[in-house]
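Lettering follows sequence order; numbering is per chain, from 1.
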Amino acid sequence: MTLKYAYYPGCVAKGACKELHDSTTGIARVLGIELVELEKASCCGSGTFKETDEFLEDTVNARNIALAEELGLTMMTQCSTCQGVIGRVNDKLKYGEQSQRDHVNQYLDGHHYQGTTEVKHLLWILVQDYGLDALKQKVQKSLNGLKCGAFYGCYLLRGQTMTRYEDPYHPHSLEDVFTALGATPIEYEGRTQCCGWPLASYATNASFSMAGRHLLAAIEAGADCIVTPCPLCHLNLDSRQPEVEKVIGKKLGIPILHLPQLIGLALGLNPEQLGLSRHIVSTSSVINSVLSR
Amino acid sequence: MKVSVRIRRQASRESKPDYQTYSVECSEGNTILDVLNKIQWEQDGSLAYRRNCRNAICGSCAMRVNGRAVLTCQNLVGEELEDQTELLIQPLGNLPVIKDLVVDMTKFWNNLKKVDPYVSTASRQIPEKEFLQLPEQREKLQSAANCILCGACYSECNSAAVNDDFVGPHALAKAYRVMADNRDDRTKERIEQYNQSGGVWDCTRCFNCNEVCPVGVEPLDRISQIKQTILQQEKMEDSTALRHRRTMVELVKEDGWIDESKFGLKVVTDSGRDLKGLVSLIPLGTRMVVKGKMPWPWKFKPSAGKLEIKALINAVSQHLKDQGKI
Ligand code: SF4
Ligand code: SF4
Ligand code: FES
């Protein structure tokens, strides 16, 4: 049976982290996962809509979920924040009172939220639906010897309280994927903590200090690279790494990979196609170590 | 059952910490505090920790167990060992250690004081009759009023870890509690105060406070409620944080997806008015261009459903306006 999902790309994967979209669709093709992109979807609000009003976050995302329901498919996200935000709305409406669903539906012109689908991150899809054994069998280039530090993202671990994939303080799904690809997981303090992105536009010192402590901890634990299922973490850890270095007064230079990029390398996809040259911190050390095997 | 318990020991403020492992005979139904008591009473009288009520009321016994703060008198050995092989016990984070598992909470209390955590004068000028509060008015305060000031949230707060000025989740939960109290007559000043640096906008939404709070205060949700009140004010001094929120709604309403370059210009540079903001974006912009990461406006594709989204956000905004919410 082919796995098929309603693909919710999110803003960042279509803009500053286009390589995330490219690598996600790239690995889906090789793995035989069919993705139907939700062309009419909208931004989830990245957690800020709730700060205006929870009803805004609920209606906008009920509409997003309804688009997947109309296709009869599970929604796939590939961003920790989108997952936490849309997943929470789905939990709330699906398992809550009928009156909440009715209220939201009054505003969804031409759509109807029913509560018949799930919202799942690519990471959970790989581990739960596709299976790590199946993934292992598709590996063309084992990542043997590559030391990867996971960076999960707060919304993925703690954004949802009802539907949860794992313990927010002892997660292992990313590490399990690393192992399936032949890589070595590196544990370090900070892998379950905040990258600082939500503060990056105005409280830059705090934001970059957060990123800096975790990156330093990962380097000290021996990581060759960080792998994240969240493009917002990627923005703060990669695109802002030069600022992060300034704030903490230390050189870092650690490559930050999107989860599907790491998987793509193991599946034998070309680094260029995976957008590995579109990073601020060079990923050549990772690419060389994989290609030289 | 025999349980291995690894405890972070530190003889005094200045001394170096190390770890000591004890083997304790206990049952799954024992609390973590029972285990600590057993160690102190039967094996090592020098172990220091706080306890009092044994009943999740006083808030004294919060410590880090297996990586996050809990009330040790509330959590059970059996639950902790479901997926871990030993108990790892450490003092609360973000506060200096006095000895072993006892931390100095001065900063925690001082931060609480900063939000002016008392219902203000209106209620103190005691009316002849009692100052009445309707059940609905009290209900709004309930979750925040549950706080037992245990420090668990503060221990795990990502913002408190890097930002000395941030008052912390416990203080902001209390801030909401007094701000939402109908007997308080300083709402306007409070809104301005909590909007300042060190207040609500310094929270990074890491969810740790919600996650670890043992009594359901959900400080992050209280912080969101304060933010909502701030965003409802028409006359609020503009700031990057406020622009960030307003621009998100505005751009999604226009295009469905966020045009990131437009967002950056509007939020950080105040549409070009803030020169310092503009200058701060130059290095980022340059490196994004060099690496082909720049989200150029002409490459941006709005959502195919943008008209629907606009209509939806307009209708929801109208509804919120009618309710006096925005
Ligand atoms: S909000 Fe919860 S965790 Fe924080 S001090 Fe109060 S009771 Fe403890
Ligand atoms: S959500 Fe905000 S207040 Fe709560 S722990 Fe995280 S940074 Fe601190
Ligand atoms: S001893 Fe009082 S809360 Fe645990």
Side-chain angles (χ1 to χ4, degrees), chain A residues 10-12 14-18 39-43 45-56 59-60 63 67 84 107-111 154-155 157-159 161 167-170 192-194 196-199 201-207 209-210 213 239-240 242-243 277-280, chain B residues 66-68 83-84 158-159 161-163 166 197 201-202 204-208 210-211 224 227-228 231 239-241 244-245 248-249 251-252 256-260 264 267-268 280 283-284 287-288 291-295 300-301 303-306 308-309 311-313 315-317 319-320 325-326:
Chain A
C11 308
V12 185
K14 288 299 187 106
C17 290
K18 211 179 145 292
E39 307 265 357
K40 287 186 163 184
S42 74
C43 172
S46 67
T48 63
F49 283 176
K50 198 176 165 183
E51 299 176 339
T52 296
D53 197 279
E54 191 159 329
F55 192 59
L56 178 64
T59 42
V60 166
R63 180 182 169 280
L67 295 172
Y107 290 83
L108 303 191
D109 211 11
H111 301 282
C154 302
Y155 275 77
L157 296 172
R158 294 178 289 273
T161 50
D167 179 336
Y169 296 106
H170 305 103
T192 59
Q193 299 303 317
C194 181
W197 179 84
L199 302 175
S201 75
Y202 56 95
T204 44
N205 252 328
S207 170
S209 315
M210 275 179 213
R213 338 167 54 201
S239 303
R240 310 310 293 265
E243 280 97 348
S277 58
R278 290 181 95 241
H279 290 216
I280 296 305
Chain B
N66 290 348
R68 84 287 183 227
D83 57 354
Q84 302 297 310
N158 274 268
S159 286
V162 297
N163 179 355
F166 181 53
S197 147
W201 304 110
D202 281 358
T204 186
R205 301 200 302 275
C206 72
F207 287 93
N208 276 343
N210 274 14
E211 193 67 38
S224 297
K227 287 175 173 172
Q228 288 165 5
L231 285 166
S239 69
T240 318
H244 184 120
R245 273 68 190 180
M248 282 292 293
V249 182
L251 292 187
V252 175
W257 298 114
I258 294 285
D259 179 342
E260 292 162 295
V267 174
V268 181
S280 78
L284 174 67
R287 80 176 86 97
M288 298 295 263
K291 294 291 184 164
K293 269 183 92 67
M294 189 68 175
F300 170 76
K301 229 179 103 201
S303 165
K306 69 175 197 174
E308 270 178 44
I309 297 153
L312 171 64
I313 296 184
V316 170
S317 303
H319 164 69
L320 296 175
K325 283 192 177 163
I326 54 172

**Message:** To the closest 0.5 Å, what do you measure between OH (Y169(A)) and CG (N66(B))?
**Reply:** 13.0 Å
**Prompt:** Could you give the distance from CE (M288(B)) to CD1 (I280(A)), rounded to the nearest 0.5 Å?
**Reply:** 6.0 Å
**Prompt:** In terms of heavy-atom pairs under 4.5 Å with chain B, which of C17(A), S207(A), G159(A) leads?
**Reply:** G159(A)
**Request:** Would you mind reporting whether R205(B) and E51(A) have side-chain heavy atoms less than 4.5 Å apart?
**Result:** yes
**Asked** Looking at A203(A), S209(A), P198(A), which one has more heavy-atom pairs under 4.5 Å with chain B than the rest?
**Response** P198(A)
**Request:** List the atom of R63(A), the atom of G305(B), and the distance in Å for their closest heavy-atom pair.
**Result:** NH2-O, 3.7 Å
**Message:** If I measure from the heavy atoms of chain A, does L320(B) come under 4.5 Å with its side chain, its backbone, both, or neither?
**Reply:** side chain
**Message:** To the closest 0.5 Å, what do you measure between CD (Q193(A)) and CG (N208(B))?
**Reply:** 5.0 Å
**Prompt:** When you check the gap from the basic side-chain N to the acidic O, do R158(A) and E211(B) get nearer than 4.0 Å?
**Reply:** no
**Message:** When you compare the side chain of K14(A) with that of P295(B), does any pair of heavy atoms fall below 4.5 Å?
**Reply:** no
**Prompt:** Which heavy atom in Y202(A) sits nearest to a heavy atom in W201(B), and how many Å separate them?
**Reply:** OH-O, 2.7 Å
**Asked** Within the side chain of E260(B), is there an N or O that forms a donor-acceptor pair under 3.5 Å with the backbone of A16(A)?
**Response** yes
**Asked** Which region of V249(B), side chain (C-beta onward) or backbone (N, CA, C, O), has a non-hydrogen atom less than 4.5 Å from a non-hydrogen atom of chain A, or is it both or neither?
**Response** both
**Prompt:** To the nearest 0.5 Å, what is the distance between CG (N158(B)) and SG (C154(A))?
**Reply:** 5.5 Å
**Request:** Check the angle between the aromatic planes of H319(B) and Y107(A) and answer parallel, tilted or perpendicular using the 30° and 60° thresholds.
**Result:** tilted
